[in-house]
Amino acid sequence: MKVCLLIHGFTGGEYEVSPLAEYLEAQGYTVKMFTLHGHGGSKAQLRNASRHDWIQSAEVELQQLLADYPTVHLIGFSTGALIAAHLVIKYPKQIGSLTMLSAPVFPLNPQQIMRTLYQWPMVKAYIRNFFVVPSSATREFYRIVRESFAIYPDIQLPVLIIQGDRDHLVKMKSVSYLAEHLGTPHKRVVIVPASGHLVCYAARKIEVFEAVQSWIDTHHVR
């Protein structure tokens, strides 16, 4: 049985990864998604949730899966990729593989983001998100980004790295940094053509899904 835990990003919620979840379920995988602590509720709840709370809530979900299955494959999108990386360090023998989608190793700053938002709907969405997300939550995001640099060399299990070549939130050098600094010799980089940050909604998303499926199939221990 191939079991996957999908971890969404900073504020987007499960919709960010739901197309991938639906694809994997159609292939016979057991897939679990959940809401990170402080997300999906009020602005006050997000304000009062720390990066440690985000990681802990993901760890609880992982522990529940590991109570029933010997191996779980982690898939994290955006901030969820960093959260998944931290779980890999704590559960190296029980995680079969890690997939990092649009991992914000080097996120763009607000000025850079505005320059990349060339479509008005994207600009409106970013402005709306700017006012909805508490500044404390943004600080927690940048803290987990900084702290994650220390753990990349310690990751020894297979890692798939996927990023769109038009990602408006994450610098492309994030991919090359991971490829160079992850401790594992088993890693693969997939660049999605004409895709922004939401790689699960890319025009060529089926190629993303197939790459994830192939990676898990290759590294699944029966």
Student: Taking the side chain as C-beta and beyond, is there a heavy-atom pair between Ile144 and Thr79 under 4.5 Å?
Tutor: yes

Student: Counting only N and O atoms by type, is there a donor-acceptor contact under 3.5 Å from the side chain of Ser50 to the main-chain atoms of Asp53?
Tutor: yes

Student: Is Val175 close to Val105 at the side-chain level, that is, under 4.5 Å between some pair of heavy atoms?
Tutor: no

Student: Linking I/L/V/M/F/W/Y whenever their side-chain heavy atoms sit closer than 4.5 Å, directly or via other members, would Phe106 and Leu178 fall into one cluster?
Tutor: yes

Student: Report the C-alpha separation of Tyr152 and Leu82 in whole Å, then their side-chain angles, then the decisive distance to 0.1 Å, and conclude whether the side chain to side chain contact (heavy atoms under 4.5 Å, CB included) test is met.
Tutor: CA-CA 10 Å; Tyr152 296 138; Leu82 306 186; 3.2 Å; yes

Student: Examine Ile89 and Ile55 and state if one hydrophobic cluster contains both, with Ile, Leu, Val, Met, Phe, Trp and Tyr joined whenever side-chain heavy atoms are less than 4.5 Å apart.
Tutor: yes

Student: Rounded at 0.5 Å granularity, tell me how far CD1 in Ile75 sits from SG in Cys4.
Tutor: 4.5 Å

Student: Over all heavy atoms of both residues, which pair between His219 and Ser97 is shortest? Give the atoms and the distance, please.
Tutor: CB-CB, 4.3 Å

Student: If we only count heavy atoms from C-beta on, is the Ser148 to His86 side-chain gap below 4.5 Å?
Tutor: yes

Student: Do the side-chain N and O atoms of Tyr201 and Glu16 include a donor-acceptor pair separated by under 3.5 angstrom?
Tutor: no

Student: Would Glu59 and Tyr91 count as having a side-chain donor-acceptor pair, cut-off 3.5 Å?
Tutor: yes

Student: Indicate the atoms forming the closest heavy-atom contact of Val3 with Thr71, along with that distance.
Tutor: CB-O, 4.0 Å

Student: Keeping the roles fixed (side chain from Thr218, backbone from Ser214), state whether a donor-acceptor pair exists under 3.5 Å.
Tutor: yes

Student: Is there a side-chain contact between Leu101 and Leu20 (heavy atoms, below 4.5 Å)?
Tutor: yes

Student: Can you check whether Leu66 reaches Val72 side chain to side chain, under 4.5 Å on heavy atoms?
Tutor: yes

Student: Apply side-chain hydrogen bond (donor to acceptor under 3.5 Å, both in side chains) to Glu61 and list each qualifying residue two or more places apart in sequence or on a separate chain.
Tutor: Lys32

Student: To the nearest 0.5 angstrom, please state how far the CE atom of Met100 sits from the CD1 atom of Ile162.
Tutor: 11.5 Å

Student: As a quick check of understanding, evaluate side chain to side chain contact (heavy atoms under 4.5 Å, CB included) for Val190 and Val212, giving each step before the final call.
Tutor: CA-CA 10 Å; Val190 174; Val212 174; over 6 Å; no

Student: For His73 and His220, what are the C-alpha separation, side-chain angles and deciding distance, and is it a side chain to side chain donor-acceptor pair (under 3.5 Å)?
Tutor: CA-CA 8 Å; His73 298 270; His220 184 70; 2.9 Å; yes

Student: With rounding to the nearest 0.5 angstrom, report the CG to CG distance, Asp154 to Leu182.
Tutor: 10.5 Å

Student: Any chance you could measure Phe209, atom CZ, to Glu22, atom CD, to the nearest 0.5 Å?
Tutor: 8.5 Å

Student: Tell me if the centroids of the rings in Tyr177 and Phe149 come within less than 6.0 Å of each other.
Tutor: yes

Student: Using the side chain to side chain donor-acceptor pair (under 3.5 Å) rule, take Glu210 and Tyr23 through it: C-alpha gap first, then chi angles, then the decisive distance, then the call.
Tutor: CA-CA 9 Å; Glu210 290 174 346; Tyr23 173 87; 4.7 Å; no

Student: How many angstroms lie between CD in Glu25 and OG1 in Thr30, if you round to the nearest 0.5 Å?
Tutor: 8.5 Å

Student: Could you tell me which non-hydrogen atom of Gln163 sits nearest to which non-hydrogen atom of Val170, and how far apart they are?
Tutor: NE2-O, 3.2 Å

Student: Hydrophobic cluster membership, with links at side-chain heavy-atom distances under 4.5 Å among I/L/V/M/F/W/Y: are Tyr142 and Trp54 in one?
Tutor: yes

Student: Can you confirm whether Gln56 is buried at CD, in the sense that more than 12 heavy atoms of other residues, nucleotides or ligands lie under 6.0 Å from that atom?
Tutor: no

Student: Does any part of the side chain of Arg51, heavy atoms only, come nearer than 4.5 Å to the side chain of Phe141, both counted from C-beta?
Tutor: no

Student: Would you say that Glu207 contacts Val192 through its side chain, given a criterion of any heavy-atom pair below 4.5 Å between the two side chains?
Tutor: no

Student: Identify whether Val60 and Tyr69 are in the same connected component of the hydrophobic contact network (ILVMFWY, side-chain heavy atoms under 4.5 Å).
Tutor: no

Student: How far apart are the closest heavy atoms of Ile7 and Phe34, and which atoms are they?
Tutor: CG1-CE2, 4.0 Å

Student: How far apart are the closest heavy atoms of Met172 and Asp165, and which atoms are they?
Tutor: SD-CA, 4.0 Å

Student: Begin with the C-alpha distance, continue with both residues' side-chain angles, and end with the deciding distance and a verdict on side chain to side chain contact (heavy atoms under 4.5 Å, CB included) for Ile161 and Arg188.
Tutor: CA-CA 6 Å; Ile161 307 159; Arg188 179 190 176 198; over 6 Å; no

Student: Could you list the donor-acceptor pairs under 3.5 angstrom formed by side chains in residues 193-200, with sequence neighbours left out?
Tutor:
residue: His197; atom: ND1; partner: Asp167; partner atom: OD1; Å: 3.0
residue: His197; atom: ND1; partner: Asp167; partner atom: OD2; Å: 2.9
residue: His197; atom: NE2; partner: Ser78; partner atom: OG; Å: 3.0

Student: Taking atom CG of Leu62 and atom CD1 of Ile83, what is their separation to the nearest 0.5 Å?
Tutor: 12.5 Å

Student: Quick one: closest heavy-atom pair of Gln213 and Tyr29, and the distance?
Tutor: CG-OH, 3.2 Å

Student: Test of understanding: with salt bridge (charged side-chain N to carboxylate O under 4.0 Å, His left out), list the residues that count as partners of Asp217, not counting sequence neighbours.
Tutor: Lys2

Student: Taking the side chain as every heavy atom from C-beta outward, state whether Thr99 and Leu74 have any pair of such atoms under 4.5 Å apart.
Tutor: no

